[in-house]
Asks: 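Structure in structure tokens, see below.
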Amino acid sequence: MKILMCTDGSRFAEDAIRFSGRIARAMGWDISILYVRPRASSEHRIHLTTARKKLNEWNLDIPGVSYLKRAKEILIEIDVAKTLPAGEAESKYTFREGVYGATEIHLVGIHGENVRLRLREGETIDEILEEVRVGDYGLIVTGSRGHKGLARYFTGSTAMSIAKHAPCSVLIAKNIKGHEGFLITTDGSDMSERAAIFIAPIARALDARVTIFSVAEEGTTEDKAMERARRAEMIISQMGLTCDIKVGIGRPAEEIIEEARNHDLVVLSASGSSGVKKFFMGSVPLKVIEYGETPVLIVR
Amino acid sequence: MKILMCTDGSRFAEDAIRFSGRIARAMGWDISILYVRPRASSEHRIHLTTARKKLNEWNLDIPGVSYLKRAKEILIEIDVAKTLPAGEAESKYTFREGVYGATEIHLVGIHGENVRLRLREGETIDEILEEVRVGDYGLIVTGSRGHKGLARYFTGSTAMSIAKHAPCSVLIAKNIKGHEGFLITTDGSDMSERAAIFIAPIARALDARVTIFSVAEEGTTEDKAMERARRAEMIISQMGLTCDIKVGIGRPAEEIIEEARNHDLVVLSASGSSGVKKFFMGSVPLKVIEYGETPVLIVR
Amino acid sequence: MHYIFQIIKRNRWIFIGLMVGGLLLYMPTPEGLSIMGMRAIVIMVVSIIFFIAEPLPLPGVALLIAVSEVISGIAGPTETARSFMSDSVFFIMGSLMIAAAIVKQKMDKRIALYLLRLTGSGVGRITFGLVAVSALVSSFIGQHTVAAMMLPVGMTLINMISEDTSKKRNLSALILLSIAYGALIGSNGTPSSGASNAIMLNFWKEMFDVRIGYLKWMAYSFPLILFQVPIFAWILLRTFRPEVSEIPRSVEKLKERIRKEGDMTPNEYWVIGILLFTVFLWVALGDRIGLGITSFIGVSLYLMTGLVRWEDLNNGINWGIILIYASTISLGLNIKDTGAGEWMAKSFLELISPLGIDSGIPLLAAISILTIILASVISSGAVVGLLGPIVLNMAQITDKSILAAGFVTAISSSFAYMAVAASPACNIVYSSGYLKTSDFLRGGWKMIIVSILLLLLIASTYWRIIGI
Amino acid sequence: MHYIFQIIKRNRWIFIGLMVGGLLLYMPTPEGLSIMGMRAIVIMVVSIIFFIAEPLPLPGVALLIAVSEVISGIAGPTETARSFMSDSVFFIMGSLMIAAAIVKQKMDKRIALYLLRLTGSGVGRITFGLVAVSALVSSFIGQHTVAAMMLPVGMTLINMISEDTSKKRNLSALILLSIAYGALIGSNGTPSSGASNAIMLNFWKEMFDVRIGYLKWMAYSFPLILFQVPIFAWILLRTFRPEVSEIPRSVEKLKERIRKEGDMTPNEYWVIGILLFTVFLWVALGDRIGLGITSFIGVSLYLMTGLVRWEDLNNGINWGIILIYASTISLGLNIKDTGAGEWMAKSFLELISPLGIDSGIPLLAAISILTIILASVISSGAVVGLLGPIVLNMAQITDKSILAAGFVTAISSSFAYMAVAASPACNIVYSSGYLKTSDFLRGGWKMIIVSILLLLLIASTYWRIIGI
């Protein structure tokens, strides 16, 4: 399994790097950190290349590499990666035609995992999806600035687009808190079960408390919600974990957002709907991403 | 000390690679193998770059790399270099602006020496001298096709130019034979003494028989020639080697060429003359390179 | 279905542009405007939309301008091709080549060393020095080259000040903006400092057969630079109050590092020598054999001496930008030839005459502001290429000096101090990652106001005295 | 002292060229030749010396041509700049851009797979297939692109045959030369296959106002290709007798490897689709809106769809070669305008009239041989640019069809089968390191003789029948 962590160089992204680093370390997964540098207008790109060559002549990092170096420090700090012995080349500037200085820095994790720091240039979302396609990742982690109020409506669109279009699981890491446990939601579908199976080993490895949450839209269907929760509990316990069960009554998205406040992570399954439906959806997962305050993991 | 071996990819150059490999191994020196790819007309260079990118897409070696790979095999065969453990990157395509795929392959010698295979593009002599300048080499080895008769007048110009312009010692390796020993010539100058000091450890390391040769232009000066030879013998014996002494009478270049026939290598000192004199010289060393049949080492 | 939707979405600006164009063509041609003139205006409007929204790389827009000029029947293919080329385009090409030859050498380290020797370690003096040196060098070889050469100097200084980013926020902005604004100030210093200058020279020559020499241009434009340099440095120091006022340690370290590189090499002397020789030729022969042809002499010398290889020029020059400028020149001339320029000039004057700014200095101010607005979204050369004929027509109609109007347009086109994306210099320093977009806004508006006022002051006094 | 001597030595050809030029200028102008005509001839002679000896990168020579045209007073700077640009230059530019867009995709793998499916594993069939496919593809997108795309196919096949180089010497030469000669054969198939074609179209149009459409060109040129392909394959097989006659294992391995890459991607369909659409436009609209403008439509589509980025074009296109061709066109037109072309045509005819080859098919043969000799030392486009006006003047004087003379020149300019350095295709396969210079000589002279004979045969029969 490979995790792709997308950073935008901000402080919020650093929390997300720590969080995904912890998961990678606990699970022994490979991790890549990706920074996508915005592409300048075609009118200026060749001038920028000249400027970058000059920076190279002066032994200065080309823009974006500093974010990756910071990510490296964080990963070493939380013991995910070890530094290579001094003298061995650890940064390799690979050539990508037309882009001088597309970069990969390669570290080796403490258990031999591969840690790759990668720099791409272009439209953020396109490049992230392209990286996922060629790199065969199983989980994308992306930071979100965790704005409140009005600002919320104008931000988070990158995270949202990735959540919509990614072919794999996506974790939107915002407002990362301490150790208050994971909230696994279930709607009784196969996808929900897969979500439980996906998250259980991670919860065990991170030693996180697990709560299963099921929402009944009306009071009359509370029994069914409870039944769904029980089935999820069964799966979790088969994987060697104990967990609490909780049932909420009301509109699913709101209930989940409310309940999630006291948890580290809320786990949702992507609705298994078709492309057309996905296009028009104001689905539960997306609402939780948009209005919730907790990190969200959408399992695919 | 670093040796630079210049190959042109021919069979003659392979002998020279073996010869310089043996010296490097015996002395524990670093060795670089350089191939200079001729540069195409400015009209075609950009087309060639496109073709090279295509070759890269098909995982084919760009032109010239095969010579370096052959050199690598030879060095491994004669135990100069060890192959790196599988999986470690051993070839690194470094970026040189405008030249797609300037290449260096880096090996580690059996005693930890650095073995570098390098590819450059341009005028052969210019690029060799440039490599010497940046790489701080102490000895250049260059092959020569060892043509006979008329062809001799038209070839060997590369070796000759390097011998003329190089800032360090130059070994022109042609008609490499077995183990018949080194012929050290002396004209009594300081440079000759330096030559003796330079070659003595190599002779010892390669276990080569050493003969000191001094030429008297006329029979009357034979005593002086003998005296010069004795002085050289003293230097050699101070360095822990025994040697024979021989004195010839006649024109120096001809005598040296004749005597050298029975030796592996003839050692000459560059005449310590000024630039102007060098320009007009038909000096002894150059004559020996041009008309001799034996490998020549010119010590600077 | 989804795929097609994606294509439409990605190309929405193409559809919008084409729809706007179609709509305009469908509308009745206004009085006083020929059909060809209308078509030229439509091409201009659609091109501006494409230049701003960039639905395809801008050189592609240049190609489309050529295509539409032919398809609309404004000109035949050969005439269109010819209109893409003139001595001014040669001049733009040659200047870019000379800049590429210079940027290849390590002149940046020399300049940095001499600069720091003069300024010492005071932040105020360094700011002034950076603005002045960027302006001076950019006057001869263009803002993109200067920005690329000075950016590493600035970044090295910044890196050496302190590890803690928060302690040098203002200082970073100060140093980098000094470089960018300095480079922008210089970009009208001489005809060779920017394409917009060459384009304006082209219009003067093609439309009125007025030729301005290299020295004469400098006589008109340099006074503004002399005022701008100290005032900009002062404004920058006031706007981005530096955290420390002396950075002796960083300056020493930087000087130390450059000194290690050794003395100037013969190659560097040759590079400077050929540049000076070329400038001399521009001054001495530019009038007679054309600035473009003259610049080719310099380029040939660089190629003969092997100081630059053809690959460096082929890959280091933005040939697309040459196409873009050539296409705007072509379109500009077609706008003039079809009478569209005159019509637009008249319409614009009618529009602003109620405001009482349709003549004299107020008109120049209006032209300047219009230019600045456009130059903040598309590149300065393209602005001059598109606005040039209209502005010169306006000057002719109102009996204003075409030289004054032209200089105001050309010079104002580099007043894009607030926009990151419009000028190469701002783009290059922004790409360092040390600046925020807001930094350009914080300082930029002051620069724009000061520059407009200075420009109008010079236009109404100095230019009148020397007689334009 | 030594340094100066070095400079002189490195630039000796510049001094030689300038001395030859000075000497010619000093000589009295021959009767019937104007002073300007003499100067044009001097520029041409010196340029040819520089093109052959290459004392500075060739694009630099192009710049010097512009400079000397202006300095010698043949044309003013603006006219010179204008003469550098025409729809043909647009066409060369557009064709190179389209080729760069195609080479970026992995079309080479598709072509290789389809080719090997058709040919099977027989070396004879593969040789024929390589020649045919290289010729066909090069007819539309140019020899340099085809050579770059097919070289890896050839090298992969060769690598897979055997480890022992000595066992595949002939086979290697056979495969690689099939690609190079195939690409050369195709390089006159359509106007878009090479710059020399565009340049000849330009001269016809500028000198006689004769316009040849895309299809009409193909009607004249394709028959030769149809003959050349099988004959060349046969000659190659006879000259380089392959060590084995079947290479099933290599072919299978190669097919296997390509199949792993998966099916054609939507992008590849788009690339082909846009190419076909552009060819359709060339055929349908080329006459009316110009081949160059038409090609720009194709390029814009590639840019809009994002199939190619501007950087790919900027760095993948040899802008220098465009400058070279533009300069030879400019010089060629000046040679015509100054009357130098007519004078040289007359002198040449007088020179060869004692041999009895100053008219009819013998004259065409003489033109062809002259072209081939020049094309073996300088690039085909430059040859046509320089010889074009002279040859067309000769045709006019002798009442020979200017079309026939023009086609013979354009087509012969790609008969440089013996020279490694003259054509991009030969250069690219030679750069693989598998070929010796002598391999080109071994096969080349046969190809040249056969090609001349075929060309004259077609000129004296087929072209007469269809009426030129």
Side-chain angles (χ1 to χ4, degrees), chain A residues 7-11 13-14 35-70 73 95 97-101 103 119 121-123 125-126 129 161 164-165 167 273-280, chain C residues 1-2 5 10 51-52 54 56-61 96 99-100 103-104 106 108-109 112 142-145 147-156 158-159 165 254 257-258 312 315-321 324 378-379 381-382 420-434:
Chain A
T7 176
D8 61 353
S10 69
R11 201 169 43 75
E14 295 190 1
Y35 172 69
V36 180
R37 180 170 54 204
R39 181 180 288 171
S41 153
S42 59
E43 201 188 327
H44 298 300
R45 252 172 263 163
I46 285 151
H47 296 318
L48 289 182
T49 305
T50 310
R52 275 177 212 149
K53 281 185 191 165
K54 274 284 160 198
L55 291 182
N56 212 34
E57 253 178 56
W58 282 71
N59 292 319
L60 291 165
D61 283 332
I62 57 171
V65 169
S66 55
Y67 299 142
L68 294 180
K69 289 208 170 152
R70 176 80 191 114
E73 280 166 22
F95 181 79
E97 56 171 22
V99 185
Y100 183 77
T103 297
L119 181 69
E121 188 173 277
E123 289 294 320
I125 294 160
D126 292 352
L129 293 178
S161 298
K164 265 188 200 162
H165 297 296
S273 51
S274 72
V276 179
K277 199 173 158 197
K278 206 157 119 189
F279 180 70
F280 295 104
Chain C
M1 173 61 206
H2 186 67
F5 183 77
R10 213 182 48 191
F51 276 136
I52 296 174
E54 204 177 348
L56 73 167
L58 298 187
V61 181
L96 287 176
V103 88
K104 210 196 145 205
K106 292 182 180 167
D108 32 328
K109 308 216 165 169
Q143 48 163 308
H144 58 283
T145 316
M149 283 165 69
M150 298 302 288
L151 176 64
V153 180
M155 276 178 71
T156 310
I158 293 168
N159 282 349
T165 324
L254 178 56
R257 212 164 114 186
I258 298 172
D312 300 325
N315 298 350
I317 287 180
N318 196 341
W319 297 89
I321 233 170
I324 294 170
I378 66 182
S379 87
V420 177
S423 65
C426 291
N427 229 304
I428 287 171
V429 299
Y430 179 67
S431 79
S432 69
Y434 283 87

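Because only heavy atoms are used, hydrogens play no part in the values below, and waters and symmetry mates are left out as well, while side chains stay in. Per chain, numbering begins at 1; letters A, B, ... match sequence-line order.
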Asks: Pick whichever of Lys109(C), Met150(C), Lys106(C) has the most heavy-atom pairs under 4.5 Å with chain A.
Replies: Lys109(C)

Asks: Work out which heavy atom in Ala51(A) is nearest to a heavy atom in Ala148(C); give both atom names and the distance.
Replies: CA-CB, 3.8 Å

Asks: Applying side-chain hydrogen bond (donor to acceptor under 3.5 Å, both in side chains), can you list everything that pairs with Asp108(C), at least two apart in sequence or on another chain?
Replies: Lys54(A), Trp58(A)

Asks: Please look at Leu254(C) and chain A and tell me whether the side chain, the backbone, both or neither of the residue comes under 4.5 angstrom of a heavy atom of that chain.
Replies: side chain

Asks: Sequence neighbours left out, what passes side-chain hydrogen bond (donor to acceptor under 3.5 Å, both in side chains) with Tyr434(C)? Give chain and number order.
Replies: Asn159(C)

Asks: Which region of Ile428(C), side chain (C-beta onward) or backbone (N, CA, C, O), has a non-hydrogen atom less than 4.5 Å from a non-hydrogen atom of chain A, or is it both or neither?
Replies: both

Asks: How close do Thr50(A) and Gly316(C) get, counting heavy atoms only, and between which atoms?
Replies: OG1-O, 4.2 Å

Asks: Is Ser423(C) in contact with chain A via its backbone, its side chain, both, or neither, using a 4.5 Å heavy-atom distance?
Replies: backbone

Asks: Any idea which heavy atoms bring Asn427(C) and Leu48(A) closest together, and the distance?
Replies: O-CD2, 3.8 Å

Asks: Please flag which part of Ala422(C) lies under 4.5 Å from any non-hydrogen atom of chain A: side chain, backbone, both or neither.
Replies: backbone

Asks: Considering only heavy atoms, which portion of Ser431(C) lies under 4.5 Å from any heavy atom of chain A: side chain, backbone, both, or neither?
Replies: both

Asks: Determine the option with the most heavy-atom pairs under 4.5 angstrom with chain A, choosing from Leu56(C), Leu58(C), Val420(C).
Replies: Leu58(C)

